[in-house]
2 protein chains.
Amino acid sequence: MSDISTNFSERTVEYNKLLEDFKKLLKKNNLKFTIQREVILESLYNSNEHLTPESLHQVLQKKYSELNIGIATVYRTLSLLEDSKMVTSLSFGAQGKKYELGAKNHHDHLICTRCSKITEFVDEQIEARQHKIADELGFKMQDHSMQIYGICKECQEKENK
Amino acid sequence: MSDISTNFSERTVEYNKLLEDFKKLLKKNNLKFTIQREVILESLYNSNEHLTPESLHQVLQKKYSELNIGIATVYRTLSLLEDSKMVTSLSFGAQGKKYELGAKNHHDHLICTRCSKITEFVDEQIEARQHKIADELGFKMQDHSMQIYGICKECQEKENK
DNA sequence: ATGCGTGCAAATAGTTTGCATTCAC
DNA sequence: GTGAATGCAAACTATTTGCACGCAT
């Protein structure tokens with residue numbers, strides 16, 4: 001298969017590393033490196049937003065229309081990536097799951113209940129406490145997620161008009 | 001309507017307060033206090049587990065079979081309770097949403113990725129940091145949720161056999 | 001008496017699966 | 001060449017909605 005990613009203007013050292021990790025992962029499990037899997041990884045990497053399977057599919061339809069990627073492949077690949085910890089899913093509110101690349105450094109989320117905008121943050125103190133709590137309760141911690149819900153600055157301002 | 005809750009052996013001062021809050025809430029919004037709404041609140045209150053709409057419906061079918069409560073009513077009531085912040089939902093993994101009564105004091109969750117068991121905990125330090133973070137980022141905080149995923153003690157022991 | 005709430009069934013949304021074909025290895 | 005991956009459509013599951021009737025106010 002031709003490696004189409006050589007054409008990506010967005011290609012970076014970081015992305016290359018990610019791609020290599022993905023290829024290694026696939027090889028290790030006797031899975032195949034397909035162009036669909038590659039463009040899904042790439043689209044997740046180049047998205048600033050948290051994507052739903054649906055919205056990711058739309059992005060792919062537009063950006064790689066010639067591939068005509070099916071929604072089932074999107075679901076299958078997201079599950080694969082999630083199982084292998086390369087992406088993380090976030091579910092909240094009425095809406096379904098949203099996915100993001102886990103390779104970017106860890107962070108938690110502030111979610112606006114008005115406009116659904118997601119703001120990321122990291123707090124070392126919280127990270128540390130989480131580990132401590134899991135230890136104390138005899139849990140072997142694998143992952144965690146934290147969301148703070150509220151009204152963002154912009155929406156607060158809008159409301160005051 | 002007759003207030004069937006007078007027959008609940010589980011009835012407590014705490015539950016009474018909750019029920020009053022619920023009635024007040026309904027009145028304020030010109031909504032009606034029905035027996036379905038009451039037994040849903042009661043079943044949430046008397047459950048030690050986090051319930052899915054499905055499992056709550058089963059509980060109701062068994063405990064109040066004569067009412068023959070429809071699943072749609074369960075969904076509608078849970079949404080109502082969630083909107084008014086009386087219950088909180090938790091979604092994770094492949095499974096759907098689980099609900100719990102928010103009136104019980106606040107806590108976060110440790111979720112076992114093997115057996116799905118949920119353990120609750122509270123940590124004042126984390127609570128405090130969350131408020132601080134929201135403030136710093138201009139968010140008007142309404143709520144938050146935090147989950148730590150891992151393998152619980154029991155499942156770790158099982159694995160070592 | 002009024003109109004909200006209910007159960008039911010149908011509709012919708014989100015996700016998964018079976019299958020024939022294609023493609024990476 | 002072989003078996004895994006894909007697209008498609010059908011199947012499923014979870015959730016929502018329309019409607020006629022019942023009940024709380």
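Every value quoted in this text rests on a predicted model; they were computed, and no experiment measured them. Chain naming here is simple, since letters A, B, ... match the order of the sequence lines and numbering starts at 1 in each. These values consider heavy atoms only, across backbone and side chains, with no hydrogens, waters or symmetry-generated copies.
Within the 3.5 Å criterion, the main-chain N or O of B:Leu44 finds no donor-acceptor partner in the side chain of B:Ser47. A donor-acceptor pair is defined here as one N or O able to donate and one able to accept, closer than 3.5 Å; such a pair exists between the side chain of A:Arg37 and the backbone of A:Lys32.
With rounding to whole Å, B:Glu82 atom CD is found 15 Å from D:dT16 atom C1'. To the nearest angstrom, P of C:dT6 lies 15 Å from CD of B:Glu66. Nucleotide C:dG14 holds its C1' atom 14 Å from the CD atom of A:Gln58, rounded to whole Å. Atoms CG (B:Leu80) and P (C:dC4) sit 14 Å apart, rounded to a whole Å. Rounded to whole Å, atom C1' of D:dG7 lies 15 Å from atom CD1 of A:Ile35. The separation between A:Ile71 atom CD1 and D:dA5 atom P is 19 Å, rounded to whole Å. Whole-Å rounding puts the B:Leu26 CG to D:dC23 P distance at 19 Å. To the nearest angstrom, P of D:dA4 lies 12 Å from CG of A:Asn29.
Among the heavy atoms of the strands lying under 4.0 Å from A:Arg76 is at least one base atom, whether or not backbone atoms are also near. Residue-level contact check: B:Ile69 touches the backbone only, with heavy atoms under 4.0 Å from sugar-phosphate atoms and none from bases.
Closest to the side chain of A:Phe33, from the set C:dC25, D:dA4, C:dT16, is C:dC25. Set against D:dT6, D:dA14, C:dT17, the side chain of A:Ala72 has C:dT17 as its closest nucleotide. With D:dG7, C:dT15, C:dA24 as the candidates, the nucleotide lying closest to the side chain of A:Thr34 is C:dA24. Nearest nucleotide to the B:Pro53 side chain, out of D:dG7, D:dA4, D:dT15: D:dT15. Out of C:dC8, D:dT16, D:dG7, the shortest distance to the side chain of A:Asn68 is found at D:dG7. Which of D:dG3, D:dC8, C:dG3 sits closest to the side chain of B:Lys32 comes down to C:dG3.
Rounding to the nearest 0.5 Å places NZ of A:Lys140 at 12.0 Å from CG of A:Asp135.
Taking for each of B:Leu31 and A:Tyr75 the nucleotide of DNA chain C with the nearest heavy atom, the 5'-most of the two is the partner of B:Leu31. Of the two residues contacting DNA chain D, namely B:Lys27 and B:Ser79, the nearest-nucleotide position lying further toward the 5' end is that of B:Ser79. Where A:Glu54 and B:Val74 meet DNA chain C, the nucleotide closest to each residue was compared, and B:Val74 sits on the side nearer the 5' end.
In this model, the phosphate group of C:dC23 is not approached by any side-chain N or O of A:Gln36 to a distance below 4.0 Å at OP1 or OP2.
Remark: B:Glu100 engages no residue in a salt bridge (charged side-chain N to carboxylate O under 4.0 Å, His left out) (not counting sequence neighbours).
Sorted by first and then second residue, the salt bridge (Lys or Arg N to Asp or Glu O under 4.0 Å) pairs involving residues 71-83 of chain A (not counting sequence neighbours) are A:Glu82-A:Lys97.
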